[in-house]
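Note that this is a predicted model, so its numbers are computed, not measured.
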Amino acid sequence: MSKTAKITLHPELEIGEIDVRVYGSFVEHLGRCIYEGIYEPGHPTADSEGFRGDVLELVRKLQVPIVRFPGGNFVSAYNWEDGVGPVEKRPRRLEIAWRAIETNQFGLNEFMSWCAKAGTQPMYTVNLGTRGIDAARNVIEYCNHPEGAYWSDLRKSHGVAEPYKIKTWCLGNEMDGPWQMGHKTATEYGRLANETAKVMRQVDPDIELVVCGSSNSRMDTYPEWNATVLDNTYEHVDFISIHDYYGRYAKNIETFLAQSVDMDRYIKTIIATCDYVKAKKRSRKTVNISFDEWNVIFHYRKSRPPQIEPWGIAQARSEAMYSVVDAVVFGSLIITLLKHADRVKMACQALLVNVIGLIVTQPGGACWRQTIYYPFLHASVYGRGRALSLNIKSPTYEDDEFGTVPFVDGVAVANEEEETITIFAINRSLEDDIILDGNATDYSDYFVCEHSILANDDISAGNTAANPDNVIPKSNGNAHLEGGKLIATLPKVSWNVIRLGKKGQ
Ligand code: AHR
């Protein structure tokens, strides 16, 4: 007999309004993400500013609302001034975080221009590793102050007449990590972040600020780091940033498929920590989560990556080829973010291009979409509106690390304006297709517009330069809705998008 997962689709099972910035991404001066990724003067599709047109086209399709820059670990030893002004005068520097040479051909103004072309907003990170308050107040004046003082006038002299008015700023990157240049204790960092926040708000009171929480939930300092940092910064920040990359430590494929259980626990702990500090401070304000680095990582890497010689320029690093199973885990992470739509208000998939990227490029050549590009595309395009819990009752399996894990996970998004409902669902089972049996009586006047599936007989299949469309989603699902009952088959190891529209529209 087929396995069945029961769901309830009801407008009142609301989780929260989705902030579209949960579909953000990240570009860092790391490997070939910027150079040969988004920026490659001389590429056949490059525009007059050196931005790859083929990559821009794929990025625009994703409708990415916000992109974090310039790091990452990179930012913690970065002098932002090196990346502005006449390109020929910019210094080459030893880039300490990744032990590379940074040519500074691409900097702040190039990033802002690329954002405009990509149709996205910037999330800018200041260096609180080797630098601090002074550099932060200068860069915010350069970006956001109209004119009449040194840094804003310098921006004007660089050809940017109007201030950028960058709204979202990160106070450093992963400051809990011993690998971070200028790593600090929670108290040292919390004090510095608070004072930096105050100074930045003096320059521009309209900004929103993101403070560094944990780099992952396995850190020795987790979760105390988050409580201490918030204790020092609560009234001056709006978001706490958390990061994690999932799959690296999975012992087997079942555990790999269950990674979102870990993400879910992590988010719940950070929400609890934010609210603990809120109560402690008797504050009326709520700090939300910016999960501004997340991805699936290296499940199928069989061998060690090639040794990278130090002090090279844009050498390939962490260029994973993603598979079908990676896309399913990736989809489960998106579902988890949406299941916390009330508190996870921003998130950045990391990274956009080449470095564990959604998109892969060849220097001077083609670019193509990885398998994980598709769940991101679906969620960003169709996942706008109110997140609804599906109240799932799924068959389960036992996992050594995560205990009882449901085979099926999912979430729905109601877009009232367009009168559509979209269900995102995964099936983790390696053996069985599972029937989704939905009570949708409140949507009996809706019909199934599309049931798109990403799956493959070979779950390790991926896309390559030679075969860029080897794994793509297909609208071949059998979902149907009749008399308030939604029935669909979720194939084994699959990512599913079931789109419902109102009859007569
Ligand atoms: O993969 C990117 C790196 O991972 C970022 O630079 C850092 O923030 C994280 O540790």
Minimum heavy-atom distance Arg52-Thr361, with the two atoms named: NH1-CB, 3.5 Å

Considering all heavy atoms, the nearest Ser260-Thr336 contact: CB-OG1, 3.2 Å

Donor-acceptor pairs under 3.5 Å, side chain of residues 227-234 to any protein atom, not counting sequence neighbours: which ones?
from   : atom 1 : to     : atom 2 : distance (Å)
Thr228 : OG1    : Glu224 : O      : 3.1
Thr228 : OG1    : Glu224 : OE2    : 3.1
Asp231 : OD1    : Lys281 : NZ     : 3.2
Asp231 : OD2    : Lys280 : NZ     : 3.0
Asn232 : ND2    : Thr228 : O      : 2.9
Thr233 : OG1    : Val229 : O      : 2.8
Tyr234 : OH     : Lys285 : O      : 2.7
Tyr234 : OH     : Val287 : N      : 3.3

Aromatic Tyr124 / basic Arg68 pairing, under 6.0 angstrom, 45° off normal: no

Ring-face cation contact, Phe407 with Arg428, 6.0 Å cut, 45° max: no

Parallel, tilted or perpendicular: rings of Tyr443 and Tyr446 (30°, 60°): perpendicular

Are [X] and [Y], when compared by the centres of their aromatic rings, separated by less than 6.0 Å?
| X | Y | result |
| --- | --- | --- |
| Trp169 | Phe239 | no |
| Tyr189 | Trp225 | yes |
| Phe256 | Tyr246 | no |
| His29 | Phe69 | yes |
| Trp495 | Phe424 | yes |

Other residues, nucleotides, ligands: >12 heavy atoms within 6.0 Å of Glu57 CD: no

Less than 3.5 Å apart, which donor and acceptor atoms pair up between the side chains of residues 479-490 and the rest of the protein, not counting sequence neighbours?
from   : atom 1 : to     : atom 2 : distance (Å)
His480 : ND1    : Asn478 : O      : 3.2
Lys485 : NZ     : Asp437 : OD1    : 2.9
Thr489 : OG1    : Asn478 : ND2    : 2.7

Within-4.5 Å side-chain heavy-atom neighbours: Val210 and Asp292: yes

Check: Val261 main-chain N/O paired with Asp264 side-chain donor or acceptor under 3.5 Å: no

